[in-house]
Amino acid sequence: MKAQIKTSKKRITIASLYLGIGPLEQELVDTLEETLRCLDSSDLHVSILLDYTRGSRGRNNSRTMLLPLLRRFPDNVRVSLFHTPHLRGLLRLLVPERFNETIGLQHMKIYLFDDNIILSGANLSDSYFTNRQDRYVLFQGCSELADFFSDLVGAVSEVSLQLQPDDTVQAEEGMEHPYEGDKTKYCEAASEKVMGVIEDARRRQYEKRSTNFQSERSASNIEPPDTWVYPLVQMKPFGIQIDELVTETLLTEAERGDQLYLTTGYFNLTQGYMDLLLGTRADYNILLAAPEVNGFFGAKGIAGAIPAAYVHIEHQFYNEVCRHGQQMRVKLREYYRDLWTFHAKGLWFYSAGADLPCLTLIGSPNFGYRSVHRDLEAQIALVTENEELQQQLHKEQQQLYNLSNAVSPATFQHPSRFVKLWVKLVTPLIKNFF
């Protein structure tokens, strides 16, 4: 990322849940400052989109990390903080810091530098730069894809609160306030802006296809493309559910003999996804975090019980698989790597009889209730016939799954899988919030 920042000339667009406050994160901010300070960087514009609640947590936070940058370069830097419209009124006053993040978040992870773009599930925090396992894909020189995600982040930024040099925030002029204004009007305005970006991209692609079709008819030597990228957006608060529909279609259309490798750092599938997994004929290999590599392992207070809650959800799902007699078709594996945590999410699709994947999903969604219903998410479906790229995707999948152990009835007999009674009782009530 530092190398990409240093070579950027016109735009840097960053969307993440938050920016950490450690020395590695400071290096990233310093690199932004150095690049902006260059004499020929007056045309460089930096747009940063974070979540309001997560980015404002604590005395030192994402906002305080970025304020010096905003103060030094007010004409070049924009910091937007998305605030969910569902956290308002009495709820906003009563729910304490950290717990208020369960209501809804800006969860997209997009790192864009001119026409290069990194799509990931990783946040901008030291653990992701060191020992937190995630996935990353870098597209270089892809102006259309970069334009789309730049416009998408721009649309969400416009309906977000703008950080001011004095550490206050204010809504864009003429925009409904996310938690003080009319909720319906705000969501409609936000939906209109985001769908405008999506519809514009569709129109441009349609026009390009029409032009290309005419060109190909007159020039037989043009090589047909071998790789396609489909951006998928999920923003249920705004009534946008493209990613959910595509994921459901993938799970529904998978045939007998197809192999799907699905991974999530937080195994908490929606009931709809679970029903599809258990009701279709394809083979599933699901990779999830062992409790020791869950990001909440060892946390203080109630958060420390979250890994046990995920164990309980995993155990319930495994029992359901066994009850349906599907354990040969739906297999669970737990990722474990000493001194590491696990945050990877996505899917690899292998057609029946194929040794290499032809499709992968990569981005921010976790396939859980929050990803589908509460948070703002974005990922891509990457479809390819390019054997070299297929080999890379296959290698990525193998490297993750090779650091895992198969789940069996014995897994849940281990002392580390013991779940206290109160956690079992509370989990059904709170599972839609984490």
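For the numbers below, each heavy atom of this structure counts, side chains included, while hydrogens, waters and symmetry mates do not.
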From CG (L287) to CZ (R333), nearest 0.5 Å = 8.0 Å

Answer yes or no: is there a side-chain heavy-atom contact under 4.5 Å between I198 and M195?
-> yes

Is any side-chain heavy atom of T35 less than 4.5 Å from a side-chain heavy atom of L32?
-> no

Over all heavy atoms of both residues, which pair between A254 and Y284 is shortest? Give the atoms and the distance, please.
-> CB-OH, 4.3 Å

Side-chain donor/acceptor pairs under 3.5 Å, residues 301-315, sequence neighbours excluded:
none

Within-4.5 Å side-chain heavy-atom neighbours: Y369 and Q271 = no

Under 3.5 Å, is there a donor-acceptor pair between the side chain of T7 and the main chain of Q4?
-> yes

Which pair of non-hydrogen atoms, one from N100 and one from L87, has the smallest distance, and what is that distance?
-> CB-CD2, 3.8 Å

Measure the spacing between OG of S80 and CG of D51 and express it to the nearest 0.5 Å.
-> 12.0 Å

Test: E172 and R78 ion pair at under 4.0 Å = yes

For the pair Q234 (side chain) and V372 (backbone), establish whether a donor and an acceptor sit closer than 3.5 Å, ignoring hydrogens and angles.
-> yes

Of Y261, Y350, F349, which is the lone residue that meets ring-ring contact (aromatic ring centres under 6.0 Å, His included) with H394?
-> Y350

Residue pairs meeting salt bridge (Lys or Arg N to Asp or Glu O under 4.0 Å), one or both in residues 153-171, sequence neighbours left out, come to R63-D167, E158-K193

When you look at CG of N402, are more than 12 heavy atoms from neighbouring residues, nucleotides or ligands closer to it than 6.0 Å?
-> yes

Donor-acceptor pair, side chain of H343 and main chain of G121, under 3.5 angstrom | yes

Residues 97-111 vs salt bridge (Lys or Arg N to Asp or Glu O under 4.0 Å), sequence neighbours excluded, gives R57-E101

Does the side chain of M65 come within less than 4.5 Å of E25's, by heavy atoms?
-> yes

Y18 and N123 side chains, donor-acceptor separation under 3.5 Å | no

Plane angle bin for F82 and F238 - parallel if under 30°, tilted between 30 and 60°, otherwise perpendicular | perpendicular

Is a salt bridge present between K185 and E188, judged by a nitrogen-to-oxygen distance below 4.0 Å?
-> no

Derivation and outcome, side chain to side chain donor-acceptor pair (under 3.5 Å), residues S416 and H414 | CA-CA 5 Å; S416 66; H414 194 274; 2.8 Å; yes

Is there a donor-acceptor pair closer than 3.5 Å between any side-chain N or O of E388 and the backbone N or O of N386?
-> no

For residues 397-426, which residue pairs qualify under salt bridge (Lys or Arg N to Asp or Glu O under 4.0 Å), counting only residues two or more places apart or in two chains?
-> E292-R417, E334-R417

Closest non-hydrogen contact found for L163 with L70 is O-CD2, 3.2 Å

Taking the side chain as C-beta and beyond, is there a heavy-atom pair between M235 and V156 under 4.5 Å?
-> yes

Look at atom NZ of K395 and say whether more than 12 heavy atoms of other residues, nucleotides or ligands are closer to it than 6.0 Å.
-> no

Closest heavy-atom pair and its distance - H86, P237 = NE2-CB, 3.8 Å

Could you label the plane-to-plane angle of the H83 and Y179 rings as parallel, tilted or perpendicular, counting under 30° as parallel and over 60° as perpendicular?
-> tilted

Would you mind telling me which of L66, N76, I12 makes a side-chain contact (heavy atoms from CB on, under 4.5 Å) with V46?
-> I12

Under the ring pair (Phe, Tyr, Trp, His ring centres under 6.0 Å) test, which residues partner Y111, sequence neighbours left out?
-> none

Note: R329 and L278 closest approach over all heavy atoms is NH2-O, 3.3 Å

If you round to the nearest 0.5 Å, how far is OG of S56 from CG of L161?
-> 9.0 Å

Check whether any side-chain N or O of E176 sits under 3.5 Å from a backbone N or O of D182 as a donor-acceptor pair, and report yes or no.
-> yes

I110 pairs by side-chain contact (heavy atoms from CB on, under 4.5 Å) with which of V153, I14, I118?
-> V153

Should we count CD of E387 as having more than 12 external heavy atoms under 6.0 Å?
-> no

Just by modelled atom types, is the T384 backbone N or O under 3.5 Å from a matching donor or acceptor in the T227 side chain?
-> no

Applying the side-chain contact (heavy atoms from CB on, under 4.5 Å) test to L276, which of T270, T252, T247, L250 qualifies?
-> T252

Any pair with a residue in residues 123-150 that passes salt bridge (Lys or Arg N to Asp or Glu O under 4.0 Å), sequence neighbours left out, goes on the list, sorted by first then second residue, please.
-> R11-D147, R135-E396, E144-K208

Say whether, by atom type as modelled, one donor and one acceptor occur between the side chain of R281 and the main chain of E255 under 3.5 angstrom.
-> no

Just by distance, do the side chain of N131 and the backbone of W340 share a donor-acceptor pair under 3.5 Å?
-> no

Does the pair R37/E34 count as a salt bridge with the N-to-O cut at 4.0 Å?
-> no

Q26 side chain to G20 main-chain N or O, any donor-acceptor pair under 3.5 Å?
-> no

Tightest non-hydrogen contact, residues L393 and W348, listed as O-NE1, 3.4 Å

Does R337 make a cation-pi contact with F342 (under 6.0 Å, within 45 degrees of the axis)?
-> no

Quick one: does Q106's side chain have a donor or acceptor within less than 3.5 Å of a partner on S16's backbone?
-> yes

So does K331 pair up with D283, basic N to acidic O under 4.0 Å?
-> no

